[in-house]
Amino acid sequence: METPVAIVKDIVRKFLAENNIQESVNVPVQMTRDEFEGEVTIASFPLAKTFKKSPQEIASIIKEFIESRYADKVKHIEVKGGFVNISFSDSYWLEFIKTLVDSDKYPVFQKKSETVVIEFSSPNTNKPQHLGHVRNNVLGWATAMLLKRTGTEKVIKVNLINDRGIHISKSMLAWLKWGNGITPEKAGKKGDHLIGDFYVMFEKEYKKQVEELMNKGMSKEEAMEKAPLMQEARELLRRWESGDPEVLKVWRMLNDWVLKGFDETYKRLGIEFDHIDYESETYKLGKEIVREGLEKGIFYQKEDGSVWIDLTDVGLDHKLLLRSDGTSVYITQDLGTIELRWNRYKMDLMIYVVAEEQEYHFKVLQAILKKLGRPYADKIYHLSYAMVDLPTGKMKSREGTVIDADDLLDELHQLAYEKINESPKTASLSEEEKHDLAEKIALGAIKFYMLRVDPKKRILFRKEEALDFEGYTGPFVQYTHARIVSLWEKAQDKPASADFNYEFNRFERQLLKLMAFYGEVLQEATRKYDPSALTNFLYRLAKEFNRYYANTPIVKETDSLARSARLLLSRAIQQILNDGASTLGIPLPDKM
RNA sequence: GGGCUCGUAGCUCAACUGGAUAGAGCACGGGACUUCGGAUCCCGGGGUUGUGGGUUCGAAUCCCACCGAGCCCGCCA
């Protein structure tokens, strides 16, 4: 069954064709504003010039056009200024919600036989994941699900584990120096948290050394380089890269601890990947590509042995690709990683979900790939998102001023659990069920909080707000869903057909209007790689349902036809909430 | 110095991407059949959309300048 929006778009197309107007004229089809009657609106303004008539006149002509051939679907058309407000007929809407309830997916999108690879999360293995990673994880996941939902056939979610480099050496060095062989088991701690402690330890001691050297008259830059701890960390990195078995052994063990910790966090967040790459495995290919570029004369080598590329002709700077000691840098491994992926997937699009601070990095990466003549140079897209701030300022792992992902989830869980024990609806659940529910609410709260903001805008994380389960929140949507489930279960006579007469009230029309645009919202959110569009929509739909619920009896309704129509409508909304929330990765409990 | 992003109610965010009288949540004040689930609903105050120009039927949205905030331009990742 065609969606209302599709029908109106079709009307516009036919109208333009009959009047011999170029398709290129964009006539907006939009949701009717709340203060007017109708569900779908056509704005006629862009046609004023070609028609040489006033928008009002054109709107009237469109009205007649529709009335003359869509009489069965349309109840009423109102012209207000240049706007044509269309109210669909009650019978159309009834059929609409019935087919929605009967189908498992609404709307269905045409399949796109594309392969999209989306990389997200990409943690360093020197510390546990914090709030910033949570934003990345849920944004990446939701974006991948949106792509899939709107028809992309192959969406491949990949994680690139940053398991080598100077930062790992720092944690490793601290553990070697001060760890006394402690393990996660002995410490009674997740491995990622344990290693994170050593990272902070390193930074503390390192800072002391730098200050001492500066007191002796050294410049900051020199002190940072000459500090013994930094020297030792670099030495460790060199030994690692040269394959020193002793270093590799420790490295493997520590990495393993951290990755196990990550697994738990991912599992909790409901996030999984189709493939995991490790930079320790991709950087070598990167180095080969650097050699290739050097041979082709695209890169150049300085006297100290370091390798560079000159990007000043495309408005960027000179960029280092290999250090003078021969070890690789961040971008080296990225060159290798994307080459591997290309060989593996021949993807049509490669999305990197990476924080905005790396925008320059991706510009450079693309510029290098172009110079190397790689066919995938134009297929990369950096989905950049802004940082999460605390009221006290930036989060800094080095200083330990971060909100830890696991800790936050625990706190949310605990709070939800307390609320569950207070509520008469859930107090009788078993302990296991209570914790299961508390976890869903915790996830709903934090994910919604992260997803409701436009990715390119910073999130100011205020804990009281994130811990709030009322108003514009995930639990609000969850609660609405649970209400509808309860309604449906209570209904003795589940409506079997939609073949009857019923006149929808204004609350119901408001809901139908929103539902009609669900498909547009999905497409919009996908096109912009912006799940917040969907998050906002779900809240709006839930809000509207609660308003409806407070004003119109459903199961209590004595007229059986009205009851049937209202149950169908409620059920249809439940399905959209379900579809949207599962696309975002937000769990919806049946009871809460 | 150069590049990118963002400035909307006291606070946190929306605004169908150029459309109608700029809307929600939080906070504050008042209220809701002794509940089809009160984690809900209703009412209220609160705005020169950072400032100044421009583009046009129409600008929070596009262009220019300025002001303010953030990020980047590392032999860190």
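Each chain gets a letter, A, B and so on, in the order its sequence line appears, and its residues count up from 1.
- If you check every strand for non-hydrogen atoms under 4.0 Å, T41(A) touches a base.
- Side chains of Q333(A) and R164(A): a donor-acceptor N/O pair is present below 3.5 angstrom, by distance only.
- The CG atom of L429(A) lies 7.5 Å from the CD1 atom of I420(A); values are rounded to the nearest 0.5 Å.
- Residue K543(A) places no side-chain N or O under 4.0 Å from the OP1 or OP2 atom of A39(B).
- Here K543(A) pairs with nothing under the side chain to side chain donor-acceptor pair (under 3.5 Å) rule; sequence neighbours left out.
- Here the two rings, on Y278(A) and W251(A), have centers that are 6.0 Å apart or farther.
- Nearest nucleotide to the side chain of E470(A), out of A39(B), C36(B), C13(B): A39(B).
- At the heavy-atom level, R33(A) lies under 4.0 Å from base atoms of the strands shown.
- Near-neighbour residues of RNA chain B inside residues 475-495 of chain A, defined by a heavy atom below 4.0 Å, number-ordered: F476(A), Y479(A), A482(A), R483(A), S486(A), L487(A), K490(A).
- Annotated stems with RNA chain B as a participant read B:1-7 with B:67-73, B:10-13 with B:23-26, B:28-32 with B:40-44, B:50-54 with B:62-66, given as range with range, by first number; only runs of 3 or more Watson-Crick or G-U pairs under 3.5 Å qualify.
- Note on R547(A): a side-chain N or O is less than 4.0 Å away from OP1 or OP2 of C42(B).
- Taking 4.0 Å as the cut-off between side-chain N and carboxylate O, K419(A) and E422(A) do not count as a salt-bridged pair.
- Within the 4.0 Å cut-off from OP1 or OP2 of C36(B), not a single side-chain nitrogen or oxygen of Y549(A) is found.
- In this structure, the nucleotide among A77(B), A14(B), A39(B) sitting nearest to the side chain of D454(A) is A14(B).
- Looking only at distances, a side-chain donor or acceptor of S60(A) sits under 3.5 Å from a matching main-chain atom of Q56(A).
- Counting atom types as modelled, D468(A) pairs no side-chain N or O with a base atom of A27(B) as donor and acceptor under 3.5 Å.
- Nearest to the side chain of Y330(A), among G37(B), A77(B), C36(B), sits A77(B).
- With sequence neighbours excluded, no residue forms a salt bridge (Lys or Arg N to Asp or Glu O under 4.0 Å) with D590(A).
- Evaluation of atom-type donor-acceptor distances gives no pair under 3.5 Å for the side chain of S423(A) against the base of A39(B).
- For K170(A), the salt bridge (Lys or Arg N to Asp or Glu O under 4.0 Å) criterion is met by E203(A), not counting sequence neighbours.
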Set out, line by line, the N/O atom pairs under 3.5 Å between protein and nucleotides 2-6 of chain B.
residue	atom	partner	partner atom	Å
C4(B)	O2'	E359(A)	OE1	3.2

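- Remark: P of C76(B) and NE2 of H361(A) are 15 Å apart, rounded to the nearest angstrom.
- Contact annotation: R452(A) side-chain N/O to G25(B) OP1/OP2 distance is not under 4.0 Å.
- The phosphate of G74(B) (OP1 or OP2) has no side-chain N or O of K319(A) nearer than 4.0 angstrom.
- Of the listed nucleotides (C75(B), C11(B), C71(B)), C75(B) has the atom at the smallest distance from the side chain of L320(A).
- Rounded to an integer number of Å, the gap from CZ of R234(A) to C1' of A77(B) is 12 Å.
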